[in-house]
Amino acid sequence: MNVGNLAHPAEEVAPKLLGAVLTHEAPEGAVSITITETEAYSGTADPASHAYRGRTPRNAVMFGPAGRLYVYRSHGLHWCANIVTGTDGIASAVLVRAGRVVEGEDLARKRRGEKVETPRLARGPGNFCQALGITAEHNGTDLLTGASVVLSEGEPVPAELIRAGPRVGVSRAHDWQHRFYLADDPTVSAYRLSPRAKPSAGA
DNA sequence: ATCACGATCTTT
DNA sequence: AAGATCGTGATG
């Protein structure tokens, strides 16, 4: 995976990240997860993006160069990870929503809980981070220069398997078709309309 | 007060 | 099956 592939708007990069692999080398072992579901957040033009209201300490990484990891805490208990895309100075990122564990399944299960079924180990953005062992300390990590968390190219995904749909769980601009996932894949999270979702204009 | 979540509960 | 509830804490 090179920077050139990521140096485009999030909605363009998001479908191309399906099939890519995130690997975390932790002291207790390595876990690799193939991405099966993503969501694009377009920055200041996107009402659902953390960057909509401009740069803040939390979202600063989104404004930086492509290929870094933006990690934030969600609802107090979960971590969520984004892959920053686009141009340095312009906010744009792809939320990693789900994936298939392809290495270190034992460790992933240890982190998630012994009775979790295999397809659910990294199903949902919070679960994905827990399985991979991602926390705030990884915020800002450069995924392309061999740090502890690395993004690599995986098996190519057939274009006909890629689906697009409305985003999950967001209360604003939820109907933007910015969620991308693999058809009929058990590791993809279930679609859930936010209880607070309001109709909105947009693509 | 809000929230890019997830597990669990209640109601059809 | 679908919808409501709640835990949890950073954020602005």
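What you are looking at is a predicted structure, and each value in this text was computed from that prediction instead of being measured. Letters go in sequence order (proteins before strands), and every chain restarts at 1.
When the side-chain nitrogen and oxygen atoms of A/S74 are compared with OP1 and OP2 of B/dA4, none of them lie within a distance under 4.0 Å. Between A/S171 and B/dC3 there is a side-chain polar atom (N or O) within less than 4.0 angstrom of OP1 or OP2. The shortest distance between the side-chain N/O atoms of A/R97 and the OP1/OP2 oxygens of B/dC5 is below 4.0 Å.
Nucleotide C/dA4: paired with B/dT8 (Watson-Crick or G-U wobble, both distances less than 3.5 Å).
Taking each heavy atom of A/Y191 and A/R167 in turn, the nearest pair found is CE1-O, 3.5 Å.
The existence of a salt bridge linking A/R109 and A/E114 is excluded, since no basic side-chain nitrogen approaches an acidic carboxylate oxygen closer than 4.0 Å.
Ring-base stacking between A/H75 and B/dC3 is satisfied, the centre separation being under 5.5 Å and the plane angle under 30°. With centres under 5.5 Å and a plane angle under 30° as the test, the ring of A/H78 is not stacked against the base of B/dC5.
Atom pair A/Y41:OH and B/dC5:C1' shows a separation of 11 Å (rounding to whole Å applied). Protein atom CD of A/Q130 is 15 Å distant from nucleotide atom P of B/dC5, rounded to whole Å. Between the P atom of B/dT8 and the CG atom of A/N127 lies a distance of 11 Å, rounded to the nearest Å. Rounding to whole angstrom units, CZ of residue A/R55 and P of C/dT11 are separated by 15 Å. Nucleotide C/dT11 holds its P atom 10 Å from the CG atom of A/N59, rounded to whole Å. For the pair A/D46 CG and B/dA4 C1', the computed distance is 10 Å after rounding to whole Å. Whole-Å rounding puts the A/I83 CD1 to B/dA4 P distance at 19 Å. We find that CZ of A/R53 is positioned 9 Å from P of B/dC3, with the value rounded to whole Å.
Checked against C/dG7, C/dG9, B/dC5, the side chain of A/L77 finds its nearest nucleotide in C/dG7. The listed nucleotides are B/dA4, B/dA7, C/dT11; the one nearest the side chain of A/R58 is C/dT11.
The aromatic rings of A/W176 and A/H178 sit perpendicular to each other, their planes meeting at more than 60°, with 30° as the lower class boundary.
Each of A/V168 and A/R112 was matched to the nucleotide of DNA chain B holding its nearest heavy atom; the match closer to the 5' end belongs to A/V168.
No hydrogens or angles were tested; on distance alone, a donor-acceptor pair under 3.5 Å links the side chain of A/Y72 to the base of B/dA4.
Separation of the A/H50 and A/Y41 ring centroids does not fall under the 6.0 Å cut-off.
At least one test fails for A/R68 against the ring of A/Y70: distance under 6.0 Å to the centre or angle within 45° of the axis.
Nucleic acid contact class of A/N82 (heavy atoms, under 4.0 Å, all strands): base.
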